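Below is one structure, written out as structure tokens, with a few remarks after it.
Note that the coordinates shown come from a computational prediction; the quantities given were computed from them, not determined experimentally.
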Amino acid sequence: MSEDATEARHINWPDCCAFTQLFRAFKLAIHPTKIILAFCGIFATYMAGRVLDATWAKESCPVVSSTVRESEIEVFCRAGRAETLNWIKQTQDAKEVNRAGVFSLLMRHGRATANQVADGAVSLSVGRIIGGLIVGLMGMAWVFALHPWYGVLFFLLAFAIWGLFGGAVARVAALHATRDERIGLSEALTFSKSKFVGFFAAPLMPVGILLFFGVLLMLGGLVGAIPAIGELLVGIIFFLALIAGFILAFVMIGALVGYCMTFPTIAVEGSDAFDALSRTFSYVYQRPWRTVFYSLVSIGYGSICFLFVKFFVRLMLWATHLFVSVSMNLGGPLLTEATTGPRPGKLDAMWHAPSLSGDTPFYGSFDTGVQLSGISWFGQALIKFWVYGVWGLVAAFVVSLFYSSSTLIYLLLRREVDATDMEEVYVEDSALDDIAPPMPVATTAIGTTQGASGTSLPILGQNS
């Protein structure tokens, strides 16, 4: 019997099942540096949105019906722009108008979308996942369709914020995933500052391309509006419009599917926005089914991780409320004179704990049904600060998980398309000097130094 027949075979499962690399995302995402950077980005975005909501003209703010509790973003996602404009007019005529901030509605819509996608992933419903993603995109379309100036200003601010903090998170994820190296906040922010133009421009370049060809098509439509001869001219050159439409579809699909890989490209390769766009489009169109498969696996795995973290936080807050309330509820809160009815315990009057059944928000509720006053009101404000801070950390984990998963998807596709090892990553010259010290110089017997290129260099002060 030959030795080959008896030789034990070793199967390299990571190479056979490359998608299992995506299951490293949770371990990468819980790294404190990524969580802190993501939290800073979320807080800066939140403050920018709140400031815009507070300073925006009230008559230009979105309409919310005071009777059916429906907002224009929900009508837009269900019926489109034309029906939304009719609904706004009818609501205003009926004097049933409340106003809300664009950012506040967009944030509420984003939370609902994230929960829908997570539920669809856990229930293995691809239709619900795709439906949730479409509804999320419709929310952004609503901003530009009905509040374009707000949308332009807010998203430019958001791109700038995430060009700094998102680029830093992507850089930390890139080094962690490739070299198992954990860098600090200052080093990550220094890298994102040096590549800020690329991080800022990467998501804007597809938008610029779409606008360019969209304007060309609109100008072609003006030719068709010429009386008598316009139809003939458009019919002759209509193939150009079809070419422009093909480019629009090409860019939209590449941008939507490959958007998650733009920041990892710059973070891994140390390149610019143009390289990020060209690489992501190349990988998406050369490995379309693999890209979709990796994305679905990441969404499913990420949703499970997200629900686990939410349950962990829910249990943490429930246990905190349970044991603190045993003694704190012995006292009574300070209430306003208008408050009637039974007086709840002090902690129950400030904060309702989340239920373990999942029928309440995972952070509980501050709508306790009583009106606090004095020091009790101030104490509730402090509890809100800490509890909402925990909510922010959960959101920061989601952001960190997104960049970690996106980095792993990029590394897998790069290996398959470009045959590049997953461990290869751009390292700056200063870091290379720290990692690899200069090669020692060999001295020959006749007093010369052998250079790296094979040339002999004389040594000063040495006798032959």
So which heavy atom on R314 is nearest to which on T360, and how close?
-> NH2-O, 2.9 Å
Could you please spell out the steps behind the side chain to side chain contact (heavy atoms under 4.5 Å, CB included) verdict for V143 and F154?
-> CA-CA 10 Å; V143 178; F154 172 73; over 6 Å; no
Approximate separation, where rounding is to 0.5 Å, of I35 CD1 and L401 CG = 9.0 Å
Checking side chain to side chain contact (heavy atoms under 4.5 Å, CB included) for the pair L277/I209: CA distance, chi angles, key distance, verdict?
-> CA-CA 11 Å; L277 193 65; I209 296 173; 4.1 Å; yes
Any chance you could measure L22, atom CG, to Y294, atom OH, to the nearest 0.5 Å?
-> 7.0 Å
K34 side chain to L28 main-chain N or O, any donor-acceptor pair under 3.5 Å?
-> yes
Residue pair G198 / A273: nearest heavy atoms and the distance that separates them | O-CB, 3.6 Å
Do E269 and T265 pass the side-chain hydrogen bond (donor to acceptor under 3.5 Å, both in side chains) test, and can you show the C-alpha distance, the side-chain angles, and the key distance before you say yes or no?
-> CA-CA 6 Å; E269 309 297 343; T265 303; over 6 Å; no
With sequence neighbours left out, the residues meeting salt bridge (Lys or Arg N to Asp or Glu O under 4.0 Å) with R111 are none
Near-ring test Y283/Y410, centroid separation under 6.0 angstrom | yes
Test item: F263 and T407 side chains (from C-beta on) under 4.5 Å apart, heavy atoms = no
Report the residues that fulfil salt bridge (Lys or Arg N to Asp or Glu O under 4.0 Å) with R182, sequence neighbours left out, ordered by chain and then residue number.
-> D180
Counting N and O atoms only, with roles assigned by atom type, does the side chain of D348 sit under 3.5 Å from a partner on the main chain of S325, one being a donor and the other an acceptor?
-> no
Which value, rounded to the nearest 0.5 Å, describes the distance between R287 atom CZ and R414 atom CZ?
-> 14.5 Å
Could D275 and R279 be called an ion pair, given the rule that one side-chain N must be under 4.0 Å from one carboxylate O?
-> yes
Does the side chain of S71 come within less than 4.5 Å of R108's, by heavy atoms?
-> yes
Is a donor on one side and an acceptor on the other found under 3.5 Å between the side chain of T190 and the backbone of S186?
-> yes
So, does K195 use its side chain to make a donor-acceptor pair with the main chain of A267 at under 3.5 Å?
-> no
Backbone N or O of W351 within a donor-acceptor pair of the H321 side chain at under 3.5 Å?
-> yes
Spacing of NZ belonging to K310 relative to CG belonging to L315, to within rounding of 0.5 Å | 14.5 Å
Would you please indicate yes or no on a ring centroid separation below 6.0 angstrom for F39 and F397?
-> no
With a cut-off of 6.0 Å (strictly less than), are more than 12 heavy atoms of other residues, nucleotides or ligands near OH of Y388?
-> yes
Any side-chain heavy atom of Q286 within less than 4.5 Å of one from L413?
-> no
Considering residues at least two apart in sequence or located in another chain, which fulfil the ring pair (Phe, Tyr, Trp, His ring centres under 6.0 Å) criterion with F144?
-> F155
Verdict with reasoning, F362 to V309, per side chain to side chain contact (heavy atoms under 4.5 Å, CB included) = CA-CA 10 Å; F362 72 91; V309 170; over 6 Å; no
Using a 4.5 Å cut-off on heavy atoms from C-beta on, say whether the side chain of V425 contacts that of R171.
-> yes
Would one find more than 12 heavy atoms of other residues, nucleotides or ligands at under 6.0 Å from atom CZ of F366?
-> yes
Quick one: SG on C40 to CG on L185, what's the gap to the nearest 0.5 Å?
-> 7.5 Å
Do any N or O atoms from the side chain of H109 and from the backbone of M140 form a donor-acceptor pair under 3.5 angstrom?
-> no
Can you find a pair of side-chain heavy atoms, one from C61 and one from H147, that are under 4.5 Å apart?
-> no
State, yes or no, whether a side-chain contact exists between T262 and F199 at a heavy-atom distance under 4.5 Å.
-> no
Apply side chain to side chain contact (heavy atoms under 4.5 Å, CB included) to the pair V297 and F23, showing each step before the final yes or no.
-> CA-CA 9 Å; V297 171; F23 299 148; 4.0 Å; yes
Scanning both residues in full, the closest heavy-atom pair of A174 with V268 reads CB-CG2, 3.6 Å
Counterpart residues, side chain to side chain contact (heavy atoms under 4.5 Å, CB included), relative to V324 (two or more places apart) = T320, M328, L347
Salt bridge (Lys or Arg N to Asp or Glu O under 4.0 Å) partners of K89, counting only residues at least two apart = D93
For W149 and W56 the tightest heavy-atom approach is C-CH2, 4.1 Å
Between S104 and D53, which heavy-atom pair has the shortest distance, and what is it?
-> N-OD2, 3.2 Å
Using a cut-off of 6.0 Å, state whether more than 12 heavy atoms not belonging to F196 lie near its atom CZ.
-> yes
Among F250, F274, Y259, which residue meets the ring pair (Phe, Tyr, Trp, His ring centres under 6.0 Å) test with F281?
-> F250
Contacts of I375 meeting side chain to side chain contact (heavy atoms under 4.5 Å, CB included) (sequence neighbours excluded), chain-then-number -> L334, F378
R81 versus F76: any side-chain heavy-atom pair under 4.5 Å?
-> yes
Starting at OG1 of T178, measure out to CD of E423 and round the result to the nearest 0.5 Å.
-> 8.0 Å
Do the non-hydrogen side-chain atoms of V390 and Y363 ever get within less than 4.5 Å of each other?
-> no
Identify the heavy atoms of L408 and A177 that sit nearest to each other, and give their distance.
-> CD2-CB, 4.0 Å
